[in-house]
J.: 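Let me begin by handing over the structure; questions about it come next.
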Amino acid sequence: QVQLVESGGGLVQAGGSLRLSCTASGSSFNSYSVAWLRQAPEKEREFVAAISRSGGNPIYAVSVNGRFTMSRDNAKNTVYLQMNSLKPEDTAVYYCAAIRNRYISADQRYNYWGRGTQVTVSS
């Protein structure tokens with residue numbers, strides 16, 4: 001059982017940057033794989049990035065690869081998503097999700113979810 005809280009969303013101009021944070025309650029955070037997913041209005045939820053328990057070799061959706069970087073600090077029970085070169089099509093609610101699993105993939109299903117943080121990119 002873990003609770004997740006996202007923060008760091010906001011309004012930014014195209015080409016700008018934001019850093020999202022996802023902080024987990026409780027202990028044993030290093031036993032969870034974590035992902036970021038997003039959902040724009042009237043669109044399906046889509047995978048953004050995922051990271052393993054150790055933080056090595058995160059994976060990314062093609063649409064964000066090269067612009068976004070995911071990392072984690074297990075001592076702080078926190079996962080980050082650094083978003084650079086933002087585009088209007090990145091506008092969405094961003095969710096943090098986790099599963100107590102050592103493996104990561106773009107189609108992984110998750111047991112635990114945060115409530116999301118809004119990211120809006122203006123043109």
Side-chain angles (χ1 to χ4, degrees):
Q1 184 73 29
V2 64
Q3 291 187 324
L4 307 171
V5 179
E6 303 96 335
S7 62
L11 175 65
V12 65
Q13 292 185 350
S17 298
L18 285 173
R19 189 177 76 158
L20 305 184
S21 298
C22 172
T23 299
S25 65
S27 61
S28 301
F29 180 64
N30 62 356
S31 67
Y32 291 87
S33 296
V34 185
W36 288 97
L37 302 96
R38 67 188 183 186
Q39 187 166 22
E42 300 184 355
K43 293 185 178 181
E44 295 183 359
R45 184 175 60 206
E46 65 175 339
F47 171 82
V48 176
I51 196 165
S52 66
R53 298 181 301 175
S54 67
N57 299 314
I59 61 173
Y60 303 94
V62 172
S63 59
V64 307
N65 191 42
R67 300 188 297 119
F68 291 9
T69 302
M70 191 172 181
S71 61
R72 69 190 294 164
D73 185 341
N74 288 337
K76 297 181 178 179
N77 282 10
T78 300
V79 164
Y80 305 97
L81 184 68
Q82 178 66 48
M83 305 186 294
N84 299 326
S85 301
L86 283 162
K87 305 175 180 179
E89 51 262 45
D90 295 318
T91 295
V93 176
Y94 283 70
Y95 297 92
C96 178
I99 185 170
R100 197 160 185 165
N101 194 321
R102 66 177 294 179
Y103 304 106
I104 56 173
S105 68
D107 58 356
Q108 174 71 56
R109 301 183 71 179
Y110 300 94
N111 301 119
Y112 307 102
W113 292 79
R115 294 183 178 181
T117 185
Q118 176 71 48
V119 172
T120 302
V121 184
S122 64
S123 59

J.: State whether Y80 and R19 meet the cation-pi test: NZ (Lys) or CZ (Arg) under 6.0 Å from the six-membered ring centroid, and within 45° of the perpendicular axis.
T.: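 Yes, a cation-pi geometry holds between R19 and Y80.
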J.: Transitively linked via ILVMFWY side-chain contacts under 4.5 Å: V48 with V121?
T.: yes
J.: Do you know the tightest heavy-atom contact between G26 and N77?
T.: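 Taking G26 first and N77 second, the nearest heavy atoms are O-ND2, 2.6 Å.
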J.: Going only through I, L, V, M, F, W and Y residues with side-chain contacts under 4.5 Å, is there a path from L37 to V79?
T.: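 The answer is no; the residues belong to distinct hydrophobic clusters.
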J.: Nearest 0.5 angstrom please: L11 CG to T120 OG1, how far?
T.: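 Taking CG in L11 and OG1 in T120, the distance rounds to 6.0 Å.
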J.: Which pair of non-hydrogen atoms, one from G116 and one from V93, has the smallest distance, and what is that distance?
T.: CA-CG1, 3.8 Å
J.: For the residue pair R72 and F29, would you count it as a cation-pi contact if the rule is NZ or CZ under 6.0 angstrom from the ring centre and within 45 degrees of the ring axis?
T.: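 Yes - R72 lies over the ring of F29, closer than 6.0 Å to its centre and within 45° of its axis.
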J.: Any link between L86 and V64 through a network of hydrophobic side chains (Ile, Leu, Val, Met, Phe, Trp, Tyr) touching at under 4.5 Å?
T.: yes
J.: More than 12 heavy atoms of other residues, nucleotides or ligands under 6.0 Å from CG of N57: is that the case?
T.: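 Result for CG/N57: open.
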J.: Under 4.5 Å between side-chain heavy atoms, counting indirect links through other Ile/Leu/Val/Met/Phe/Trp/Tyr residues: same cluster for Y110 and Y95 or not?
T.: yes
J.: Taking 4.0 angstrom as the limit, do R115 and E6 come out as a salt bridge?
T.: no
J.: If hydrophobic clusters are built from ILVMFWY residues whose side chains come within less than 4.5 Å, do V34 and L18 share one?
T.: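 Same hydrophobic cluster.
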J.: Can you find a pair of side-chain heavy atoms, one from V119 and one from L20, that are under 4.5 Å apart?
T.: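 A side-chain contact under 4.5 Å exists here.
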J.: So, S85 versus R67: side-chain donor-acceptor pair below 3.5 Å or not?
T.: no
J.: How long is the gap from CE on M83 to CH2 on W36, to the nearest 0.5 Å?
T.: 8.0 Å
J.: Nearest 0.5 angstrom please: R53 CZ to S28 OG, how far?
T.: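 So the gap between those two atoms works out to 11.0 Å.
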J.: For Q118, does the CD atom sit with more than 12 other heavy atoms under 6.0 Å from it, leaving out its own atoms?
T.: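 It does: Q118 CD has more than 12 such atoms within range.
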J.: Look only at the side chain of S33 and the backbone of N101, and say whether a donor-acceptor pair between them is shorter than 3.5 Å.
T.: yes
J.: Find the distance between CD (E46) and OG (S63) and round it off to the nearest 0.5 Å.
T.: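 OG of S63 is found 5.0 Å from CD of E46.
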J.: Look at the aromatic rings of Y94 and F68 and report parallel, tilted or perpendicular, splitting at 30° and 60°.
T.: tilted
J.: So Q82 and N84, do their side chains get closer than 4.5 Å, heavy atoms only?
T.: yes
J.: Could you check whether any side-chain heavy atom of F47 comes within less than 4.5 Å of a side-chain heavy atom of Y60, counting everything from C-beta outward?
T.: no
J.: Does a side chain donor of either T78 or T23 reach within less than 3.5 Å of an acceptor in the other side chain?
T.: yes
J.: If you count every heavy atom of other residues, nucleotides or ligands that lies below 6.0 Å from E89 atom CD, does the total exceed 12?
T.: yes
J.: Can you tell me how far apart OG (S54) and CG (N30) are? Round to the nearest 0.5 Å.
T.: 10.0 Å
J.: Contact between R45 and R38 at the side-chain level, heavy atoms closer than 4.5 Å - yes or no?
T.: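 When only atoms from C-beta onward are counted, R38 and R45 do not touch, as no gap falls below 4.5 Å.
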